[in-house]
Each structure stands twice: as C-alpha cells, then as structure tokens.
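These notes concern the structure reproduced below.
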2 protein chains.
Amino acid sequence: MNKPLVTHLAALRALANPHRVQIMDWLLDPQSHFPPQRDGDLVLDGVCVGFITDKTGLSQPTVTSHMKSLEQAGLVSSKKIKNWVFYKANQAALQQIATSFTSASEAL
Amino acid sequence: MNKPLVTHLAALRALANPHRVQIMDWLLDPQSHFPPQRDGDLVLDGVCVGFITDKTGLSQPTVTSHMKSLEQAGLVSSKKIKNWVFYKANQAALQQIATSFTSASEAL
DNA sequence: TATCTATATAGAAGATTCACTATATGAACA
DNA sequence: TGTTCATATAGTGAATCTTCTATATAGATA
C-alpha cells in the first residue's frame, strides 16, 4: 500500500541521533558487539541496558532515556527478566521503513 | 557492502522533521501536489521554493532553510533557472537508505 | 536606470533535545 | 530483614532546532 515517508516520522526522529542509531546497528547484530549474557540470550532476549551503557560511554539514565525513545518509536521491544531489561531490534518495523524508502526511490 | 544505518545519520536527521519529510514526499510525486510551472518542468527540473512555501504555510526563509537541510543531506538537488530555484528529490540517495533498512530488517 | 520578483541572509525568541547528577524503585539474595 | 544490583524517575543546564521579521541580493523587465 506504498506508505509515504511521513508515516515513519516517529521512527525517523528516533534514529536522528548518533547514539540511538548506533545502538540500533548494534542490536541488529548483538553477538558481534556485546559479550555473552548469563540471564538472557543476546539474540533471543536482547541486550541489557548495562551493556549498552558501557558500550556508549553515556550515563545509565541517558541510555534508559534513549532506549525508551527507540521503543516508543516501535524500533525495539523490551523484555524484563529478573533485574534486567533486555532490548531487541524490531525487524518488522525496519522492514516497513525499508519498503517506504524503496518505493520512494522508485517514484517516477 | 551492507552499510549500517548510522551511515545515513545526516539524511535521518534531515527527515526527522514533519515539514521536511512531508516536502520529500511531495517532491517524489510533484505532479500530484503542485500546479504546473511555466519556467521549469515539475518532474525534470523540480519544484520552486515559492510553491513549496505556499503548500507548507511556512515563511519563505523557513522553507529555504529546510530545503538547504535536505540538500546538504543529499536528499534533494537544486537547479537555478532565472529567478527560481527548483528542488528535485534525489532518488539514488533514497535507494541507498532503502538498501540499508532492508539489510537491517534481514539481520539474523 | 529603476523596479519588480524570487530567493538568501541576519538575527533573535521560544521550544525541544541531550546529557548530567541525585535519588527512587523493585527484585534478588545473604 | 537489610543489602545489593539493575533500571527508572526527577530535575537542571547547555546546546540545538524551528520559526519568525527585517533586510539583502540578483536576475528580469518596464
């Protein structure tokens, strides 16, 4: 149904920040970017806030805030296990964005 | 090659604004959104700043500023004819973004 | 030449974003 | 029960963004 780019404004805004878009890239291939986790699988469950905090060098509250932005935009989902919150990329959302950019690039 | 999303940060930032992303959608199908032009073809040359200004309801300097953002991000190109500046969507740039989102959506 | 037209530039006010520190919450465990 | 660990919330200051008005520039035209 060829959705216009403006449909994805919330996601575009979430990705318009160097830390957040970098985090998305990391979450898309977590095994290459994070150490193994004990209480949750990197791929199946996602990556915990602490690991992302370490890798960005930002403070923990700042990372929590960025992750909420990404989640509200539908780009990631979260799962709470014990004390941890694991974040995982939402590939369906990325696919919808991809579709819109593809049809945009094919416009006559 | 499979470029990460962070590669497109400049474009994502340019599109992270409701007016700019709306303008992009309009420029992708100019004939559906703008009246015919006398001194430049809507499709071949692009759309002049004045038409975009009218359609957004923003002031002319604000639109000029938005168009410069889009151009610096590589999302549009401009052509000056007489007194007008015509802006046209850069579909090659959109295609590269589409490719990155597609491979992101296919990450394992 | 003088004027008109389309766009660009300058400058400033208000809103939003981004990051921090300090602190709270809530679950697990000694 | 009390402590520890991981994350959330509150609050704040600095930077950036968005928009405006006023004005400048440059090309076309009378």
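Residue numbers begin at 1 in each chain, while the letters A, B, ... track the order of the sequences. Because only heavy atoms are used, hydrogens play no part in the values below, and waters and symmetry mates are left out as well, while side chains stay in. Just so it is clear, the structure is predicted and the values come from calculations on it, not from any experiment.
A heavy-atom distance below 4.5 Å is found between the side chains of A/Leu75 and A/Ile97. Side-chain contact between A/Leu70 and A/Met24: present, with at least one pair of heavy atoms (C-beta onward) separated by less than 4.5 Å.
When the nearest nucleotides of DNA chain C are assigned to A/Arg13 and B/Val85 by heavy-atom distance, the more 5′-ward of the two goes with B/Val85.
Taking a 4.0 Å limit (strictly below) on heavy-atom distances, residues 62-81 of chain A reaches DNA chain D at A/Thr64, A/Lys68. A heavy atom lying under 4.0 Å from DNA chain D marks the following residues of residues 40-60 of chain A, by number: A/Cys48, A/Val49, A/Gly50, A/Gln60. Only at 4.0 angstrom or more do the heavy atoms of residues 29-38 of chain A sit from any atom of DNA chain D, so none qualifies.
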Before you tell me yes or no, could you show the steps for A/Tyr87 and A/Val63 under side chain to side chain contact (heavy atoms under 4.5 Å, CB included), namely the whole-Å CA-CA distance, both residues' side-chain angles and the distance that decides it to 0.1 Å? CA-CA 12 Å; A/Tyr87 283 97; A/Val63 170; over 6 Å; no
Test side chain to side chain contact (heavy atoms under 4.5 Å, CB included) on A/Gln37 and A/Phe86; report intermediate values, then the result. CA-CA 10 Å; A/Gln37 283 173 158; A/Phe86 298 98; 3.3 Å; yes
A/Trp84 and A/Val49: CA distance, side-chain angles, deciding distance, side chain to side chain contact (heavy atoms under 4.5 Å, CB included) verdict: CA-CA 7 Å; A/Trp84 290 271; A/Val49 175; over 6 Å; no
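Residue pairs meeting the salt bridge (Lys or Arg N to Asp or Glu O under 4.0 Å) criterion with at least one partner in residues 47-72 of chain A, sequence neighbours excluded, do not occur; the list is empty. Identified under the salt bridge (Lys or Arg N to Asp or Glu O under 4.0 Å) test for residues 15-41 of chain B, with sequence neighbours left out: B/Asp39-B/Lys82.
Taking both residues in full, the closest heavy atoms of A/Leu28 and A/Pro30 are given as C-CD, 3.6 Å, listed atom of the first, atom of the second, then distance. Contact record, B/Ala16 with A/Leu12: CB-O, 3.7 Å, taken as the closest heavy-atom pair. Closest approach of A/Met67 to A/Val76, counting heavy atoms only: O-CG2, 4.1 Å. Smallest separation of non-hydrogen atoms from A/Ala14 and A/Ala73: CB-CB, 3.7 Å.
Under the 30°/60° scheme for interplanar angles, the aromatic rings of A/Phe34 and A/Phe51 are found to lie parallel.
Using a 3.5 Å distance cut-off with no hydrogens or angles, the side chains of B/Ser100 and B/Gln96 do not pair a donor with an acceptor.
Contact between the side-chain N/O atoms of A/Arg20 and the OP1/OP2 oxygens of C/dT17 is not found at any separation under 4.0 Å.
Taking the 5' to 3' direction, DNA chain D first and last meets chain A under 4.0 angstrom from a heavy atom at D/dC5 to D/dT9.
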